[in-house]
Amino acid sequence: MARALIVVDVQNDFCEGGALAVVGGAAVAEQVTAFLSRAADAYDVVVATADWHEPLPHDNAGHFAVGAEPDYVATWPEHCVRDTAGAAYHPALRLPADAVHVRKGQGRQDYSGFEGVLTPESGGTGAESAAEAGALADAAPAGLADALRARDVDGVDVVGLATDHCVTATALDALAAGFDVRVLTDLTAGVGVRTTIDALTRLAARGVTLTTSDAR
């Protein structure tokens, strides 16, 4: 079985000090980096997803609260705006040079990495040239599921932020796409205790394996 690690949204705006911070976000960045340093050989592909939203006044299909307070369920304060420091990966996150990068949002209400588009980034720098973008558009698979299948991946481990939102959405979409799915719970952090428990309960009920990085 070829396996991929999907690192979900370990970005500055989702870590302490960010616009939509998750308590423990910076620790997840450090822990994922440590995990990759000892377990990278266990994965045929490493994927990193990132929110990549349009700035206000664009509401990103209702994702950003405009002219009202966010409800933190379906509407959110401005966060992870494209080409800003908040949208960059947390500096403690170190990804392999050949990692696959996926941007999601881009004017839509994307939560799952499987809703995003591949980019030509490498090494988590965010660098991108027009020539690379054109080549990607010509040659890249349509989305993450196709990219994983092209590499003969049939199982994924999901880590990152936040457990009760984008981690859950990514894991469920991976399952729906036919992949064997595990969530490494010690390499995630959630927004709220109740919502995180509910999310993990839902994942388990749907057939996602909940485990840890040491027990996988």
Side-chain angles (χ1 to χ4, degrees), residues 1-18 21-51 87-103 112-114 116 118-127 144-145 147-175 177 179-191 196 199-200 203-204 207-216:
M1 175 183 286
R3 198 158 199 97
L5 179 70
I6 304 178
V7 182
V8 178
D9 298 2
V10 183
Q11 297 168 264
N12 287 325
D13 267 350
F14 294 134
C15 297
E16 289 82 350
V22 177
V23 174
V28 166
E30 296 170 357
Q31 291 158 3
V32 170
T33 295
F35 175 65
L36 279 169
S37 72
R38 68 179 187 269
D41 290 346
Y43 296 101
D44 301 272
V45 186
V46 175
V47 177
T49 76
D51 269 13
Y89 297 127
H90 190 279
L93 180 68
R94 296 287 183 267
L95 298 165
D98 60 353
V100 172
H101 298 265
V102 175
R103 286 177 179 166
S112 165
F114 287 85
L118 275 67
T119 83
E121 295 175 342
S122 62
T125 64
L144 179 54
L148 294 177
R149 291 189 190 107
R151 292 163 171 81
D152 297 321
V153 169
D154 47 14
V156 300
D157 290 352
V158 184
V159 303
L161 305 171
T163 316
D164 37 351
H165 294 284
C166 296
V167 168
T168 290
T170 299
L172 289 175
D173 274 1
L175 194 68
F179 297 101
D180 175 74
V181 184
R182 302 185 300 203
V183 171
L184 309 186
T185 57
D186 60 318
L187 301 181
T188 68
V191 173
T196 297
L200 294 175
L203 289 171
V208 172
T209 299
L210 305 180
T211 187
T212 65
S213 57
D214 291 330
R216 62 188 168 76

When the aromatic ring centroids of H165 and F14 are compared, is their separation below 6.0 Å? no
Starting from the C-alpha separation in whole Å, work towards a yes-or-no answer on side-chain contact (heavy atoms from CB on, under 4.5 Å) for S213 and D157. CA-CA 9 Å; S213 57; D157 290 352; over 6 Å; no
Main-chain N/O of V191 paired to D164 side chain as donor or acceptor, under 3.5 Å: yes
Qualifying residue, where the test is side-chain contact (heavy atoms from CB on, under 4.5 Å) with V45 and the options are V156, V153, L5: V153
If you round to the nearest 0.5 Å, how far is CD of Q31 from CG of L184? 11.5 Å
With R3, which of D180, D44, D154 fulfils salt bridge (Lys or Arg N to Asp or Glu O under 4.0 Å)? D180
Smallest heavy-atom separation, A147 atom then L118 atom, equals CB-CD2, 3.6 Å
In terms of relative ring orientation, are Y43 and F35 parallel, tilted or perpendicular, with 30° and 60° separating the classes? perpendicular
If you measure from CG on L161 to CG on D13, what distance do you get to the nearest 0.5 Å? 11.5 Å
Do you know the tightest heavy-atom contact between A204 and L210? CB-CD1, 4.0 Å
Evaluate the criterion side-chain contact (heavy atoms from CB on, under 4.5 Å) for residue pair L172 and L203; output intermediate values, then yes/no. CA-CA 7 Å; L172 289 175; L203 289 171; 3.7 Å; yes
Would you give the length of the straight line joining atom CG of D51 to atom CG of D9, rounded to the nearest 0.5 angstrom? 4.5 Å
Tightest non-hydrogen contact, residues G113 and T49, listed as CA-CG2, 3.9 Å
Walk me through it: do T185 and T212 pass the test side-chain contact (heavy atoms from CB on, under 4.5 Å)? CA-CA 5 Å; T185 57; T212 65; 4.0 Å; yes
Among V8, V7, V181, V183, the one residue meeting side-chain contact (heavy atoms from CB on, under 4.5 Å) with T170: V8
Where is the tightest heavy-atom contact between E16 and A26, given as atom of each residue plus distance? OE1-N, 3.0 Å
First locate atom CZ of F179, then atom CG of D173, and finally report the distance between them rounded to the nearest 0.5 Å. 11.0 Å
Distance in Å, T211 OG1 paired with R216 CZ, rounded so as to fall on 0.5 Å steps: 9.0 Å
Between V28 and V22, is any pair of side-chain heavy atoms under 4.5 Å apart? no
Using every non-hydrogen atom in the two residues, find where A177 and A145 come nearest and quote the distance to one decimal. CB-CB, 4.4 Å
For T168 versus T163, what's the shortest heavy-atom pair and its separation? OG1-O, 2.6 Å
Can you confirm whether L144 sits close enough to I6 that some side-chain heavy atom of one is under 4.5 Å from a side-chain heavy atom of the other? yes
